[in-house]
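Structure first, then comments.
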Protein chains: 2
Amino acid sequence: MTTTDGEHKVLSALHGGGHKVTPQRRAVVRVLARCHRHMTTAELHAAAAAERGDVGLVTVYRTLRLLTDLGLVCQLSADGRQPSYVLRRPEEHHHHLVCSGCGHVVDFTSSDVERLEDRLARETGYRIEGHIVEFTGQCPDCRAGR
Amino acid sequence: MTTTDGEHKVLSALHGGGHKVTPQRRAVVRVLARCHRHMTTAELHAAAAAERGDVGLVTVYRTLRLLTDLGLVCQLSADGRQPSYVLRRPEEHHHHLVCSGCGHVVDFTSSDVERLEDRLARETGYRIEGHIVEFTGQCPDCRAGR
DNA sequence: TTGAGTGCAAAGTGTTTGCATGATC
DNA sequence: GATCATGCAAACACTTTGCACTCAA
């Protein structure tokens, strides 16, 4: 039963924030930490329940909300209907490039986005509050047919 | 009963595509053409029904789906939960800056996004297929307190 | 005239909430 | 031991679908 860095970091943050570290939360965090794919609530529930039978779907919803509020997890709006989630790895502000095949997520930062934001503020008079910048594509593996 | 350019363009496109131009569709298109705000399905339904009593919510859903498929309307994923919609005004590929106060939408194009896309493709080996780029902020009016 | 379009009601999803039980700190 | 977390079931919110009727072309 190996413990990844990311997993440990999240559990510490939970504990430090006065939140209880329960087996269910461990299971969800472990799943998130182990893969670099984005997952929907339902997928996470299935994976977490495979580790520990007693992880309810409702708990997964509540855990994801908590982790998102704490800034430990990023919510991806992209793709289609349901939001999906990935562990937040870089400390600084970043964006995501998501593989439409396997769901693998690449984090990246870009001064282009900040520059664009400045330009928009200047030209429109808006005070920019936030943005969604997400790219989708096929990763090298999926392009090669696995 | 004034008819805006946008309204006319959309109705022509509908007709040209072999779709019927019904009073209900007219009402939805008119509402969309008259304002530069993004609106949810429910908001559009309320506004369209105010013009003509007999516009059902289901028809609004179906009309928005059709218009989106035809590329006449843009679906905004941003904000919170439900998607919202705006008439597609520029012909070319563009992005949106949305006011979090009044919902006004500014269309813009940016070579920064294309540049970023190229860089990502080069550095990650991904074949980029699409992106979501949406900014939110407060428009000058809303900043001034209306 | 005729098939696309509409409205209604019902069914489908995905998510949240109320409440009693259970486990962490 | 007190409190926060969990699970279940029920409630919710949004969207889609089945079906008979209507109307634009």
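The analysis underlying the following values was restricted to heavy atoms, covering all of them including side chains, and did not include hydrogens, waters or symmetry mates. Convention: sequence-line order gives letters A, B, ...; per-chain numbering from 1.
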Spacing between [X] atom [atom1] and [N] atom [atom2], to the nearest angstrom:
X	N	atom1	atom2	answer
A/Q82	C/dT16	CD	P	12 Å
A/L64	D/dT6	CG	P	12 Å
A/Q24	D/dC8	CD	P	11 Å
A/R62	C/dC19	CZ	C1'	11 Å
B/Y85	D/dC14	OH	C1'	11 Å
B/L14	D/dA25	CG	C1'	14 Å
A/L44	C/dG14	CG	C1'	15 Å
B/R65	D/dC14	CZ	P	18 Å

Legend entry - A/C35 vs A/H104 side-chain heavy atoms within contact, under 4.5 Å: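 With C-beta onward as the side chain, the pair stays apart.
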Inset, instruction - Evaluate the side-chain proximity of A/T63 to A/L44: yes if any heavy-atom separation is below 4.5 Å, no if none is. - result: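 In short, these two side chains do not touch, never coming nearer than 4.5 Å.
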Between [atom1] on residue [X] and [atom2] on residue [Y], distance to nearest 0.5 Å:
X	Y	atom1	atom2	value
A/H45	A/T40	NE2	OG1	11.5 Å
B/Q75	B/R65	CD	CZ	10.0 Å
A/E7	A/R26	CD	CZ	8.0 Å

Inset, instruction - Return no unless some side-chain N or O of A/Y61 is found under 4.0 Å from OP1 or OP2 of C/dT15. - result: yes
Legend entry - Short side-chain N/O contact from A/R25 to OP1 or OP2 of D/dA5, under 4.0 Å: yes
Inset, instruction - Kindly determine whether A/L120 and A/E117 satisfy side chain to side chain contact (heavy atoms under 4.5 Å, CB included), including the steps that lead there. - result: CA-CA 5 Å; A/L120 283 174; A/E117 192 166 306; 5.8 Å; no
Inset, instruction - For B/R26, answer base if it contacts any base atom (sugar-phosphate contacts may also be present), sugar-phosphate if it contacts only those atoms, and nothing otherwise; contact means non-hydrogen atoms under 4.0 Å. - result: nothing
Inset, instruction - Following the transitive rule for hydrophobic clusters with a side-chain heavy-atom cut-off under 4.5 Å over Ile, Leu, Val, Met, Phe, Trp and Tyr, establish whether A/V55 and A/L11 coincide in one cluster. - result: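 The answer is yes; both residues are in one hydrophobic cluster.
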Legend entry - Where protein sits on nucleotides 20-25 of chain C, one letter per nucleotide: B base, S sugar-phosphate only, - none, heavy atoms under 4.0 Å: ----BS
